[in-house]
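Everything numeric here is computed off the predicted structure, so don't read it as measured data.
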Amino acid sequence: MVLIHASPEHVWLVNERISLSTTLSDNNRSFHVLPDVVSCDADNEYCILSFKRALIHGIWKAHIPFNSTLNANASTGFYLSETIETNQTSLHPAVLASTHFFPTSARTAFPCLDEPNLKSPFQLNIDLSNVLIDAGYSCASNAPLASLTRMPVESGPDLTRFIFQQTPRMSTYLLAYIISPFVQMQGQTRTGVTVSVLAPKSRASSGTIALSYGITHLDFYQETYGIAYPLSKLDLVAVPKISVGAMENWGCIFFQESTLLSDRHEDRSDAETAQAIASITAHELAHQWFGDLVTMRWWSDVWLNEGFATFMTYKAVDKAERTWKYSELFVSDTLERALELDGLERTHPVAATVNKSSEINSVFDALAYDKGASVIRMLEGWLDDVVSKAYFMNQIAAYLNTNAYSNADTLDLWAAFDRPSLNVSSVMDDWIRQPGFPVIVVKADEFGVGGFHVTQRRYGGTGNETWTVPLRMHLYGRSGVRVGGAWSRILGKNDLLELEDDTHIFLLNAGRTGFYRVLYPDWVWNLFADWASQGVFSDVDFAGLLSDSFALSFFGYLNQGQIPLLFVKALVHSQSPVVWKVALKKLNQLSRIVILDSSFGLLETFQRNVLDGFVADLSWTEQSQDKSLHHIRATLRASILRQALVVNHAPTVNQALDYFQTLKASWRETYLNQSARIACPKHLEGLVWDAGVMHGTDADFDFVLQTFTETLGNTTTTKLNRLLLRSLGMTHRGNQAARLLAHSLEAGWSRGDVASLLKQLAAGSGGYISVWKFIKAHWKDLIALWRNVDGDRENWISLNVALKEVVAAFVDFESVTDAETLFLGGSESGWFVPPGADAAVKEGLEVARKNIQWLRLNSGVIREWLWNET
């Protein structure tokens with residue numbers, strides 16, 4: 001029996017059209033064999049060739065008639081899309097054809113052995129009509145172009161054959177080719193590799209930033225790994241339609257246009273745009289080694305690809321832009337996301353089980369990317385302390401060399417770090433195989449008697465999992481002076497670790513390298529909050545303490561509910577991006593919990609006081625003379641000013657409303673004719689629309705809604721329409737929210753827009769009540785919207801995500817009971833539950849119950865503390 005991956009609808013399942021051929025080495029005799037039975041396994045997408053007699057041992061060629069169509073409605077396989085091109089007088093649409101084979105769509109383009117461990121070199125030829133050649137079309141693929149051959153055709157235009165060099169051995173999902181009228185911008189690395197950006201002619205100059213970072217990152221990775229990039233060229237291609245943000249095809253990386261090109265980002269500052277491009281190019285170039293050169297053996301170890309690429313992104317960008325402090329953002333972005341998701345009861349191990357093709361996409365979640373990267377970072381920090389700073393990267397290079405052009409799994413990675421006195425697998429494997437992570441519990445007498453006693457248990461969940469934990473610590477004197485550098489100890493799975501020191505305080509998880517949270521005694525939390533206000537801790541450690549205090553409080557571990565706010569109070573002394581990004585996220589979580597409580601207004605006043613100095617210093621336009629700080633401040637400005645608007649910070653609101661009145665009078669000239677500008681920086685105009693909705697009159701809201709409706713479906717005002725949708729979702733007035741929700745059922749609204757509105761209204765200061773009433777009253781309308789639309793197949797993912805976030809915002813038992821009855825009550829409820837909705841609602845209810853419990857225990861304490869502070 002021979003198994004070949006091929007989509008059943010594309011293979012001609014006729015025995016006499018399918019054959020195998022081979023040449024015998026002893027007499028050079030060739031012959032063909034027909035299969036006795038040809039069948040398909042639709043679930044696994046196998047074409048099965050069955051033979052009554054065994055085949056002779058040797059190399060066989062399969063001849064399989066195959067037919068496929070270039071589909072303009074697809075975004076996987078080999079498909080059509082459209083971009084905007086320019087000629088001498090005007091812009092016009094241009095059609096192109098490109099591939100996206102990840103994870104199992106190569107089989108829709110040609111029969112193949114379509115699994116990551118079945119690697120092969122590929123030599124690709126593409127025949128292109130000379131009519132297209134004359135119109136400026138060309139081809140690109142993984143390998144460099146070897147030659148062009150003219151091919152006469154008896155009837156019709158001649159063809160040109162693009163003959164590409166053979167690729168290295170690689171997995172099918174990494175094969176790529178594109179036929180387009182794109183132009184190239186080129187540069188070279190220090191080692192002579194040609195790096196190109198391929199983009200529409202009208203936008204080619206917008207690829208300059210990506211080209212610069214592509215060259216810089218490729219040099220960095222070659223130097224860091226000590227392994228040369230194995231191809232002579234690397235193309236960065238701006239594709240108008242692809243189902244992911246970017247795809248790491250070896251030597252020919254495809255990006256969504258919006259992620260690679262620097263124009264058309266009116267909602268982002270130049271600094272934010274550059275940082276986003278630097279990040280995504282670093283991630284995809286890291287894959288040229290982790291994923292392309294060495295590929296996971298099976299999809300269950302996809303974290304090896306994505307975790308490493310995420311981890312290395314921070315190193316590459318930090319090397320390219322030292323003043324950005326980009327590596328610190330690992331803590332506020334990647335680590336924070338992973339801890340939040342993995343702290344839920346309904347999490348899963350990073351190394352997930354994948355049995356068939358339909359299960360592959362489910363393992364590409366934040367755990368594979370973010371927890372995977374966080375575990376790797378923890379391993380690096382531990383090895384830095386117990387071996388040497390160079391050991392981790394030296395062994396990564398050894399791992400890549402050992403498995404080059406082949407495949408590896410998690411145990412192969414751990415083995416690369418082992419040495420006679422160091423069994424890495426025994427420490428690290430549980431972090432990948434088990435769900436969740438530990439909370440490290442520290443007990444200590446306030447007067448230092450008996451030292452510190454350290455144990456662990458699973459954070460949040462009900463499981464009894466334990467881990468071998470590399471603890472990294474800093475030692476402080478009682479006055480707040482740090483003593484010496486970082487040092488490490490291993491906390492065994494069931495150990496009690498005794499740190500016998502009566503005169504010092506231990507900060508665990510120093511540098512925030514560990515994937516765990518730390519629970520201190522109340523007196524230590526209070527002491528650390530005081531030290532944070534004095535600037536004792538690094539920005540990363542301050543952010544870590546802030547994150548842990550909120551998370552532990554929300555999950556019921558802290559006795560004093562005001563402890564997290566003590567760290568927020570210390571923010572008046574910080575302008576660090578990593579600290580503020582964590583703080584804003586946690587404050588918004590807290591605001592959602594107390595939305596119906598009398599402490600809500602006090603919390604807003606408290607936030608205004610904390611924000612006041614930083615907002616005045618940042619302002620709407622840059623005033624600092626220190627240019628080295630401009631990038632960091634630019635990346636923070638929008639989020640700080642938005643928070644100021646949310647909490648009704650008077651100077652910010654007044655300035656935004658002044659801008660709004662100007663914009664209201666001239667929006668057509670500003671956005672349609674582009675003949676007018678307001679004084680506000682363009683990337684902050686979204687905040688101006690926000691202010692009109694949040695703090696303007698009913699007439700202002702009506703104007704924004706009318707402008708949104710007028711621009712809906714207009715391709716020339718798409719960016720404005722997106723800004724307006726976000727701003728409308730910022731309303732905190734129940735009557736406006738109800739009108740807006742009713743409006744969302746009218747023609748022109750997409751499923752994605754409705755889902756975004758549901759999530760934003762539920763998370764905002766308007767609260768979830770209007771949204772939940774709307775969902776219950778109009779459930780049949782929502783179901784109708786999510787069913788077949790314009791030929792699209794049913795896809796409930798966006799609705800389920802919206803449901804999860806709406807339910808997670810509940811802070812009253814009546815709504816919780818409602819959701820349980822409707823979505824988890826079984827068929828007797830008479831309520832249609834889309835596939836996956838029950839799991840989404842369960843996840844949301846887990847968060848809601850914890851928030852309600854927190855509010856019951858802490859409402860009075862928080863209210864009293866805020867009253868005294870404000």
Novice: I need the Leu80 CG to Lys241 NZ distance, nearest 0.5 Å.
Specialist: 7.5 Å

Novice: If you apply the rule side-chain contact (heavy atoms from CB on, under 4.5 Å), what do you find for Leu329 with Lys581, and how did you get there?
Specialist: CA-CA 9 Å; Leu329 297 183; Lys581 288 187 79 171; 4.1 Å; yes

Novice: Is there side-chain contact between Pro121 and Arg169, with at least one heavy-atom pair below 4.5 Å?
Specialist: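 Touching, per the 4.5 Å side-chain cut-off.
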
Novice: Check whether any side-chain heavy atom of Pro577 sits under 4.5 Å from a side-chain heavy atom of Glu328, and report yes or no.
Specialist: no

Novice: Do Tyr221 and Tyr229 make the cut of ring centroids closer than 6.0 angstrom?
Specialist: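 Ring centroids of Tyr221 and Tyr229 are no less than 6.0 Å from each other.
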
Novice: Around atom CG of Asp412, are there more than 12 heavy atoms from other residues, nucleotides or ligands closer than 6.0 Å?
Specialist: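 More than 12 heavy atoms, drawn from other residues, nucleotides or ligands, come within 6.0 Å of this atom.
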
Novice: Where do Thr99 and Ala176 come nearest, in terms of heavy atoms and distance?
Specialist: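 Here Thr99 and Ala176 meet closest at OG1-CA, 3.3 Å.
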
Novice: Could you go step by step and tell me if Thr259 and Gln256 meet the side chain to side chain donor-acceptor pair (under 3.5 Å) rule?
Specialist: CA-CA 5 Å; Thr259 64; Gln256 285 187 8; 5.6 Å; no

Novice: Looking only at the side chains, is there a donor atom on one of Trp298 and Asn117 sitting less than 3.5 Å from an acceptor on the other?
Specialist: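 The criterion, which ignores hydrogens and geometry beyond distance, is not satisfied for Asn117 and Trp298.
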
Novice: With a 3.5 Å cut-off and no angle check, do the side chains of Asp301 and Thr410 form a donor-acceptor pair?
Specialist: yes

Novice: Backbone N or O of Asp370 within a donor-acceptor pair of the Thr334 side chain at under 3.5 Å?
Specialist: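 A pair under 3.5 Å: no.
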
Novice: To the nearest 0.5 Å, what is the distance between OH (Tyr177) and CZ (Phe164)?
Specialist: 11.0 Å

Novice: Starting at CD of Gln395, measure out to CZ of Phe417 and round the result to the nearest 0.5 Å.
Specialist: 7.0 Å

Novice: Show the nearest heavy-atom pair for residues Cys139 and Ile179, with the distance to one decimal.
Specialist: SG-CG1, 3.9 Å

Novice: Any chance you could measure Thr313, atom OG1, to Ile280, atom CD1, to the nearest 0.5 Å?
Specialist: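 Rounded to the nearest 0.5 Å, the OG1-CD1 separation comes out at 9.5 Å.
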
Novice: Is there a donor-acceptor contact under 3.5 Å from the side chain of Ser639 to the main chain of Leu636?
Specialist: yes

Novice: Keeping Glu272 on the side-chain end and Ser269 on the backbone end, is there a donor-acceptor pair under 3.5 Å?
Specialist: yes

Novice: Could you tell me whether the side chains of Asp114 and Thr104 share a donor-acceptor contact shorter than 3.5 Å?
Specialist: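 Side-chain D/A pair, Asp114 to Thr104: absent.
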
Novice: Would a distance-only check, ignoring hydrogens and angles, find a side-chain to backbone donor-acceptor pair under 3.5 Å from Lys319 to Thr216?
Specialist: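 Not a single qualifying donor-acceptor pair exists.
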
Novice: Calculate, to the nearest 0.5 Å, the distance between atoms CE and CG belonging to Met378 and Leu383 respectively.
Specialist: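 Answer rounded to 0.5 Å: 11.0 Å.
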
Novice: Check Tyr369, Phe515, Trp431 against Ser374 for a side chain to side chain contact (heavy atoms under 4.5 Å, CB included) and give me the one that passes.
Specialist: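 Option passing the side chain to side chain contact (heavy atoms under 4.5 Å, CB included) with Ser374: Phe515.
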
Novice: Going by the side chain to side chain contact (heavy atoms under 4.5 Å, CB included) test, name the single residue among Leu198, Val239, Thr281 that passes it with Leu260.
Specialist: Thr281

Novice: What's the verdict on side chain to side chain donor-acceptor pair (under 3.5 Å) for Asp318 and Trp324, showing C-alpha distance, side-chain angles and the deciding distance?
Specialist: CA-CA 7 Å; Asp318 200 51; Trp324 291 4; over 6 Å; no

Novice: Quick one, Tyr405 and Pro230 - any side-chain contact, counting heavy atoms below 4.5 Å?
Specialist: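 Yes - at least one pair of side-chain heavy atoms lies under 4.5 Å apart.
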
Novice: Any non-hydrogen side-chain atom of Met170 less than 4.5 Å from a side-chain atom of Asp292?
Specialist: no

Novice: Between Arg377 (side chain) and Arg512 (backbone), is there a donor-acceptor pair under 3.5 Å?
Specialist: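 Yes: the side chain of Arg377 pairs with the backbone of Arg512.
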
Novice: Return the minimal non-hydrogen interatomic distance between Ala204 and Ala199, and the atom names on each side.
Specialist: CA-CB, 4.3 Å

Novice: Enter the distance from Lys233:NZ to Ser196:OG here, rounded to the nearest 0.5 Å.
Specialist: 7.5 Å

Novice: Relative to each other, are the rings of Phe392 and Phe311 parallel, tilted or perpendicular (30° and 60° limits)?
Specialist: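 Because their plane-to-plane angle is over 60°, the rings of Phe392 and Phe311 count as perpendicular.
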
Novice: Taking the side chain as every heavy atom from C-beta outward, state whether Val193 and Leu231 have any pair of such atoms under 4.5 Å apart.
Specialist: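 Answer no - side chains too far apart.
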
Novice: Under the 3.5 angstrom rule, does the side chain of Thr295 hit a backbone N or O of Gly291 as a donor-acceptor pair?
Specialist: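 Yes.
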
Novice: For Gln275 and Thr635, test the side chains for any donor-to-acceptor distance below 3.5 angstrom and give the result as yes or no.
Specialist: no

Novice: Would Asp365 and His348 satisfy side chain to side chain donor-acceptor pair (under 3.5 Å), going step by step from the backbone distance to the final call?
Specialist: CA-CA 10 Å; Asp365 61 8; His348 62 81; 2.6 Å; yes

Novice: Check whether more than 12 heavy atoms from other residues, nucleotides or ligands sit under 6.0 Å from atom CD1 of Ile797, and answer yes or no.
Specialist: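 At most 12 heavy atoms, drawn from other residues, nucleotides or ligands, come within 6.0 Å of this atom.
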
Novice: I'd like to know if the side chain of Lys585 reaches the main chain of Ser547, judged simply by a donor and an acceptor atom lying under 3.5 Å from each other, with no hydrogens or angles considered.
Specialist: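 Not a single qualifying donor-acceptor pair exists.
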
Novice: Applying side-chain contact (heavy atoms from CB on, under 4.5 Å), run through Val237 and Cys252 and close with a yes or a no.
Specialist: CA-CA 7 Å; Val237 188; Cys252 193; 4.1 Å; yes

Novice: Looking only at non-hydrogen atoms, find the nearest pair between Gly214 and Leu236 and report the distance.
Specialist: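 What the structure gives for the nearest pair is CA-CD1, 4.2 Å.
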
Novice: Just by distance, do the side chain of Ser206 and the backbone of Leu261 share a donor-acceptor pair under 3.5 Å?
Specialist: no

Novice: Report the residue from Trp250, Phe101, Trp299, Phe122 that forms a ring pair (Phe, Tyr, Trp, His ring centres under 6.0 Å) with Tyr173.
Specialist: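 Going through the options one by one, the only one that passes is Trp299.
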
Novice: Might you work through the side-chain contact (heavy atoms from CB on, under 4.5 Å) test for Lys119 and Asn407, ending with a clear yes or no?
Specialist: CA-CA 9 Å; Lys119 290 192 169 188; Asn407 300 82; 4.0 Å; yes

Novice: Determine whether Ile632 and Lys325 make a side-chain contact, defined as any pair of heavy atoms from C-beta on separated by less than 4.5 Å.
Specialist: yes

Novice: Quick one: do the His283 and Glu306 side chains pair a donor with an acceptor below 3.5 Å?
Specialist: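 The answer is yes; a qualifying pair exists.
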
Novice: Do Val363 and Ser300 have side-chain heavy atoms sitting under 4.5 Å apart?
Specialist: no

Novice: Looking only at atom types and distance, does a side-chain atom of Asn403 sit under 3.5 Å from a main-chain N or O of Tyr399, one as donor and one as acceptor?
Specialist: yes

Novice: Would you please test Arg472 and Asn509 for side-chain contact (heavy atoms from CB on, under 4.5 Å) and show each step?
Specialist: CA-CA 5 Å; Arg472 196 165 190 262; Asn509 207 2; 5.6 Å; no

Novice: Below 4.5 Å, heavy atoms only, C-beta onward: do Thr83 and Phe182 meet side chain to side chain?
Specialist: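 In contact.
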
Novice: With side chain to side chain donor-acceptor pair (under 3.5 Å) as the test, would you mind laying out the steps for Glu380 and Tyr391 before giving the verdict?
Specialist: CA-CA 9 Å; Glu380 179 194 40; Tyr391 184 73; over 6 Å; no

Novice: Ring pair (Phe, Tyr, Trp, His ring centres under 6.0 Å) with Phe308: which of Phe290, Tyr225, Trp289?
Specialist: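 The ring pair (Phe, Tyr, Trp, His ring centres under 6.0 Å) with Phe308 is passed solely by Phe290 among Phe290, Tyr225, Trp289.
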
Novice: Could you tell me which non-hydrogen atom of Glu284 sits nearest to which non-hydrogen atom of Gln288, and how far apart they are?
Specialist: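 Of all heavy-atom pairs spanning Glu284 and Gln288, the closest is O-NE2, 3.4 Å.
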
Novice: What closest approach, in Å, do Ala97 and Phe78 show between heavy atoms, and which atom pair accounts for it?
Specialist: CB-CE1, 3.7 Å

Novice: Regarding Tyr314 and Ser279, is there a side-chain donor-to-acceptor distance under 3.5 Å anywhere?
Specialist: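 The answer is no; no qualifying pair exists.
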
Novice: Check for a donor-acceptor pair, side chain of Ser105 on one end and backbone N or O of Thr108 on the other, with a separation under 3.5 Å.
Specialist: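 Looks like no, no N/O pair under 3.5 Å.
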
Novice: Just checking, is any N or O donor in the side chain of Glu359 or Ser362 under 3.5 Å from an acceptor N or O on the other one?
Specialist: no

